[in-house]
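Atoms within a ligand are numbered from 1 in the order they appear, just like the ligands themselves.
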Amino acid sequence: SFYREINSQRSLGIEIEKLLGVKKVFVVESGIEHSETVKNLGAQAASIFETIISEGDLIGVTGGETIYCVSESITSKVDRLDVTVIPARGSVGSQARFQANTIASRIANKLNAKLQLLPIPETVSKQAMEIFLSDSEMREAYEMLKSLDVLLFGIGRADVMLARRGINEEKSSEVLNCGAVSEAFGNYFNLKGERVYSQESVGISLDKFLSIPKIIGVAGGVEKAQAIISISTLRPDMVLVIDESAAHEIIKEV
Ligand code: F6P
């Protein structure tokens, strides 16, 4: 196979590929602790990521603990790699190490690559956005998000992400009542992959997401099964990295 597979969960991967109709699904071992599971996901996704990137690529990355673990597992390069890393979204949450900016800079360091930061919160007012875009460097960063070659992204549960983003209770229940089960790059989707809510925010749009040539989604844990099913419907050609517990739950649900 083109990719180096770390463990032998291939048959489970093939089963999920058929169930979800997704091109390539890698399944890693689940840990007893969540921290162990995300480490395994990180190692597998890092190895795939390092295989698929090529000269000149513009690479977008999202935040979250899972993608942070991918950045941890990427091997340090001595030679300069001619790629640029950019956070695919503005910042969210309070934990600096899980923010897209931090993760992008970590990956750029490891690859000895160029870094383009997006120093702006994820949700901003219209006025703030205008000021931001009047700066030529910021404008350039924003434009770069429209032509990504690679996207490494995390997948979350809608309820968890609404809470993490501090969305008020009224709005949250409205979104959840619309059937939202997943969140990715600021968009909330139902189980069929229909977008039910999107936060006005700085980052790649759903439209652009649909045309990025190489995308790797990473998520694990039994509680994320529905979120994974939902996001998998968006791009049958994506590479998905999940864990055994999520895989078994997906089999039960689909
Ligand atoms: O906030 C960035 C983000 O990638 C979200 O789009 C996604 O839902 C979430 O993080 C996943 O976070 P975690 O890996 O911590 O579960």
Enquirer: Ligand 1 versus Glu183, non-hydrogen atoms closer than 4.0 Å: side chain, backbone, both, neither?
Expert: both

Enquirer: Say whether Arg157 and ligand 1 are in contact under the criterion: heavy-atom distance to a ligand atom below 4.0 Å.
Expert: no

Enquirer: Under 4.0 Å between a side-chain nitrogen and a carboxylate oxygen: does that hold for Lys24 and Asp237?
Expert: no

Enquirer: Quick test of your reading of the model: are Arg10 and Glu15 salt-bridged, counting only N-O distances below 4.0 Å?
Expert: no

Enquirer: Within ligand 1, which atoms have a heavy atom of Lys224 less than 4.0 Å away?
Expert: 13 (P), 14 (O), 16 (O)

Enquirer: Indicate, as side chain, backbone, both or neither, the part of Gln99 found under 4.0 angstrom from ligand 1 when only non-hydrogen atoms are considered.
Expert: neither

Enquirer: Heavy-atom contacts under 4.0 Å between Arg89 and ligand 1: side chain, backbone, both, or neither?
Expert: neither

Enquirer: With the threshold set at 4.0 Å, does a side-chain nitrogen-carboxylate oxygen contact exist between Glu36 and Lys39?
Expert: no

Enquirer: Taking 4.0 angstrom as the limit, do Arg106 and Glu72 come out as a salt bridge?
Expert: yes

Enquirer: Who's closest to atom 10 (O) of ligand 1 heavy-atom-wise, of Gly63, Ala227, Gly154?
Expert: Gly63

Enquirer: Considering only heavy atoms of Thr62, which atoms of ligand 1 have at least one such atom less than 4.0 Å away?
Expert: 4 (O)

Enquirer: Would you check whether Ala184 has a nitrogen or oxygen atom less than 3.5 angstrom from a nitrogen or oxygen atom of ligand 1?
Expert: no

Enquirer: What atoms in ligand 1 come closer than 4.0 Å to a heavy atom of Phe185?
Expert: 6 (O)

Enquirer: For the ring pair Phe209 and Phe153, is the centre-to-centre distance below 6.0 Å?
Expert: yes

Enquirer: Which bit of Ile67 is near ligand 1, meaning a heavy atom under 4.0 Å away: side chain, backbone, both or neither?
Expert: neither

Enquirer: Should Lys77 and Glu50 count as an ion pair when the cut-off is N to O under 4.0 Å?
Expert: yes

Enquirer: Taking Thr51 for its side chain and Ser47 for its backbone only, find out whether a donor-acceptor pair lies under 3.5 Å.
Expert: yes

Enquirer: Check whether any side-chain N or O of Glu17 sits under 3.5 Å from a backbone N or O of Val25 as a donor-acceptor pair, and report yes or no.
Expert: yes

Enquirer: So is Gly156 polar-close to ligand 1, meaning N/O to N/O under 3.5 Å?
Expert: yes

